[in-house]
Amino acid sequence: MRNKDANLKRVIVDFKKLTPEILALLVEKYPDGYDDDQIISFKNANNEIVEAVEVTTEDTKYLVKVSTKLAVTMENYDEDDYEDFDDDDPDAVQDPDLEVGEEPADDDD
């Protein structure tokens, strides 16, 4: 018996390349966020360990790299924020404002 995912295109997606379509699929699949047991770990071409969550469309399996930015963006997701963008526009998903316990470094010095 053949695995139904065998013919899917496989794509690794970094937060910088996240599109509204993939973000919507992630929020639909993981409405309460993802747990450690849903994270897939693998080694990339540079032999570095990568952690990602999986979401699948009709023809593609996406492995979206796990990050704090991803978790915050999923948590604050509102589809209305993306109505003026194409589903495949990687510039639509902006870096979230991350609240950190300390002030960010001033790069102007």
Side-chain angles (χ1 to χ4, degrees):
M1 186 174 198
R2 294 197 58 154
N3 184 345
K4 65 179 178 131
D5 293 345
N7 294 325
L8 293 179
K9 181 170 63 168
R10 289 178 174 78
V11 179
I12 299 171
V13 181
D14 189 66
F15 185 85
K16 292 178 282 213
K17 301 291 184 190
L18 191 62
T19 64
E21 176 189 28
I22 298 169
L23 179 58
L25 291 168
L26 283 169
V27 171
E28 183 179 319
K29 183 170 182 178
Y30 308 103
D32 298 319
Y34 45 83
D35 294 324
D36 288 344
D37 61 340
Q38 295 167 313
I39 295 175
I40 299 165
S41 296
F42 60 94
K43 289 190 177 183
N44 65 11
N46 296 326
N47 211 25
E48 302 164 329
I49 294 178
V50 176
E51 294 185 330
V53 287
E54 180 183 302
V55 60
T56 306
T57 62
E58 224 173 82
D59 62 349
T60 306
K61 178 184 288 190
Y62 294 100
L63 292 175
V64 183
K65 292 182 183 179
V66 170
S67 67
T68 304
K69 289 179 183 178
L70 177 63
V72 169
T73 301
M74 287 176 63
E75 202 173 285
N76 297 317
Y77 176 76
D78 182 348
E79 68 181 72
D80 293 341
D81 293 344
Y82 304 101
E83 66 186 6
D84 294 334
F85 294 94
D86 292 331
D87 280 349
D88 61 352
D89 185 349
D91 295 328
V93 181
Q94 298 295 310
D95 283 1
D97 290 330
L98 300 179
E99 294 182 22
V100 190
E102 51 189 75
E103 292 293 316
D106 186 14
D107 292 337
D108 296 333
D109 291 322

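Just so it is clear, the model here is predicted, and its values are computed rather than measured.
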Nearest-0.5 Å distance, CD1 of residue I22 to CZ of residue F15
12.0 Å
Sub-4.5 Å side-chain heavy-atom contact between V53 and I39
yes
Between CG on residue D32 and CE on residue M74, distance to nearest 0.5 Å:
9.5 Å
Checking the side chain of K29 only, and the main-chain atoms of T56 only, is there a donor and an acceptor separated by less than 3.5 Å?
no
Name the atoms and distances for all side-chain donor-acceptor pairs under 3.5 Å in residues 78-88, with sequence neighbours left out.
| from | atom 1 | to | atom 2 | distance (Å) |
| --- | --- | --- | --- | --- |
| D78 | OD1 | D80 | N | 3.0 |

Across all chains, not counting sequence neighbours, the side chain to side chain donor-acceptor pair (under 3.5 Å) partners of D91 are none
Of all heavy-atom pairs linking P96 and V72, the shortest is CB-CG1, 3.6 Å
Could you list the residues that satisfy side chain to side chain donor-acceptor pair (under 3.5 Å) with T57, not counting sequence neighbours?
D59
Residues that Q38 engages under side chain to side chain contact (heavy atoms under 4.5 Å, CB included), provided they are two or more places apart
Y30, Y34, D35
Using the ring pair (Phe, Tyr, Trp, His ring centres under 6.0 Å) rule, collect all pairs that involve residues 45-72, keeping only residues at least two apart or in two chains.
none
Could you give me the CA-CA distance, side-chain angles and deciding distance for T73 and L26, then say whether side-chain contact (heavy atoms from CB on, under 4.5 Å) is met?
CA-CA 10 Å; T73 301; L26 283 169; over 6 Å; no
Verify the neighbour count for atom CG of D95: are there more than 12 heavy atoms of other residues, nucleotides or ligands below 6.0 Å?
yes
Are V13 and L63 linked, directly or through intermediate hydrophobic residues, by side-chain heavy-atom contacts shorter than 4.5 Å (ILVMFWY only)?
no
Are V11 and I40 connected, step by step, through hydrophobic side chains (Ile, Leu, Val, Met, Phe, Trp, Tyr) whose heavy atoms are closer than 4.5 Å?
no
Would you give me the side-chain donor-acceptor pairs under 3.5 Å for residues 44-51, sequence neighbours excluded?
| from | atom 1 | to | atom 2 | distance (Å) |
| --- | --- | --- | --- | --- |
| N44 | OD1 | N46 | N | 2.9 |
| N44 | OD1 | N47 | N | 3.2 |
| N44 | OD1 | E48 | N | 2.9 |
| N44 | ND2 | E48 | OE1 | 3.0 |

Worked verdict on K65 versus I12 for side-chain contact (heavy atoms from CB on, under 4.5 Å)
CA-CA 7 Å; K65 292 182 183 179; I12 299 171; 3.7 Å; yes
Please determine whether residues F42 and L70 belong to a single hydrophobic cluster, defined as Ile, Leu, Val, Met, Phe, Trp and Tyr linked transitively by side-chain heavy-atom distances below 4.5 Å.
no
